[in-house]
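Just follow the structure's listing: the first ligand is 1, and inside any ligand the first atom is 1.
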Amino acid sequence: MTTSEIQDKMFAEFLDFSLYEKALKEGYQYLTHAMDRHVFPDDDAMAALKQFDEPFPESCSSGTGVLDILKTYGEPATVPHVGGRYFGFVIGSMVPASLSAKILSAFWDQCPAMEVLSPLGAALESVVEAWLKEIFSLPEQCVAGYVSGTSSAIFCSLAAARYRVLQRCGWDVNEKGLYEAPKIRIVAGRQVHSTVIKGISLMGFGKENIEWVDVDSQGRIIPEAIPRLDKKTILLLQAGNVNSGAFDNFSAICESARNQGAWIHIDGAFGLWVQACGSLRHLTRGCWQADSWSVDCHKTLNTPYDSGVVICRDREALIDALHMSGAYIVKGKGRDGMFYTPEMSRRARIFEIWSALKYLGRKGLDQMVAGFHDRAVQFEEELAAAGFEVVNEVVFNQVLVRCETDELTLKTLEQIQKLRVCWCGGSKWEDREVIRLSICSWSTTRADVSLAVRSFVDARALAAGSLSG
Ligand SMILES: *Cc1c(COP(=O)(O)O)cnc(C)c1O
């Protein structure tokens, strides 16, 4: 094919509605099926992935042909966590309006790096920034950057903190780098999320230099165990322990940490959203006193992947830390999104966040978040009644359970995953094996929880049989 033949072919297919109609139809069928499909691919589906293992194709094929292959061999090997019985990691479903916004905006293909590149993206990023400050009750001067997730938001927060802490010491880290810079102290609880530790090493602070603070039985920092802080300290707190769901006691910690001059970061990947819920808001009391916050939308807010936000009280620190310049950059009168994120180009996740918030409203969001806690409590009660031991205080949406012995817990988890009625992962808690449940999807019903508990019981019977047999 010549260049112009390829171009003609692409024009024809680009404007052929039936291609997208097919994609939508297949997607829609997937969605309806996903609600009751087994939550993990079966062995045949996994084996079929070999079909993708081919040399780079020689010639141009058709749009429908490519879509067909993706659907036929790819779809069966997806993990349908949009349904109600996926309890692994901390994985949300999709708010309907948010999915439709993703579909529509896929055609727009907007890049909100600069206002001039996407006035709509810029406008909505500003609107949602204001909404988020209201939802989380954060100070007016805070700014938000829209990133891929909490890992990235933590990275941006630490960059802003590093910039400001060193600047206060008379050191410009952008110009001088870290060699011979004044030493920054990093203070963190022993149960900090692994992505915080990754951020610490990426920033050049060194894991060895972390001053670890002891935690209580739920993984919360013990306020009295925090060392004396100072202007050179970054203190890392957590709203929602990834295992127990526990929250650090911000009202006991933040005021004094602020008075001592420390930069406080709160990792609230899924937990910060309890601020949106009247019956759970007490868990985050005092969190407004921090300097930066990292939070996911693809978890508790149930937007599609990927979506996270860095929120920073110190606008100048965030922008200067992530700053870039170039002769071709056009500064808008409104918001140029790239000043608040590490990337220049990125997709306009904002359409999905805006749609989810616009759709739910204050009441809908409150109810959705409250529902996660209700389902977690239902799990706690039904699992306890079935003879499992729940080992954490179920303050929000995480439930940790175990059997009498570690061996039985591990075997039971293996059987749960084989039965594929629900999916959950394992973890360790107080040096013992646990099964870890996270309720984070609007689509989880009471019936889903009961079905899952029944599967736990079946799995334990199979596991006990295999251990005695
Ligand atoms: C999920 C999670 C992260 C990492 O977030 P990503 O969006 O996966 O990058 C960090 N901290 C906590 C507490 C989490 O639950």
Salt-bridge criterion met for Arg346 and Glu125 (N-O under 4.0 Å)
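Yes, this pair counts.
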
Please determine if Glu352 and Arg347 form a salt bridge, counting it only when a charged side-chain N lies under 4.0 Å from a carboxylate O.
yes

May I ask you to decide if the ring planes of Phe396 and Phe372 are parallel, tilted or perpendicular, using 30° and 60° as cut-offs?
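Correct class here is tilted.
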
Assign the ring pair Trp423 / Phe40 to parallel, tilted or perpendicular, where the plane angle (0 to 90°) is split at 30° and 60°.
parallel

Atoms in ligand 1 flagged as close to [X], the criterion being non-hydrogen separation under 4.0 Å:
X      : result
Phe270 : 15 (O)
Thr195 : 3 (C), 4 (C), 10 (C), 11 (N)
His298 : 7 (O)
Val242 : 15 (O)

Any idea which of Leu272, Asp267, Thr150 brings a heavy atom closest to atom 11 (N) of ligand 1?
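Answer by nearest heavy atom: Asp267.
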
Minimum heavy-atom separation for Cys287 to Leu272, with atom names?
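Smallest heavy-atom distance, with atoms named: SG-CD1, 4.1 Å.
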
Heavy-atom pair of closest approach, residues Arg185 and Asp230:
NH1-OD2, 3.1 Å

At a 4.0 Å cut-off, with the gap strictly under it, does some heavy atom of Gly240 reach an atom of ligand 1?
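Yes, Gly240 has a heavy atom closer than 4.0 Å to ligand 1.
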
Does ligand 1 have an atom that lies less than 4.0 angstrom from a heavy atom of Gln238?
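Under 4.0 Å: no for Gln238.
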
Could you find the nearest protein heavy atom to atom 9 (O) of ligand 1 and give me its residue, atom name and distance?
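Its nearest protein heavy-atom neighbour is Ser151 OG, 2.5 Å.
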
Atom 1 (C) of ligand 1: closest protein heavy atom, distance to 0.1 Å, is Lys299 NZ, 1.4 Å

Side-chain contact, heavy-atom cut-off 4.5 Å: Asn241 with Asn392?
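They are not in side-chain contact.
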
N/O to N/O below 3.5 Å, does that happen between Asp296 and ligand 1?
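There is such a contact, yes.
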
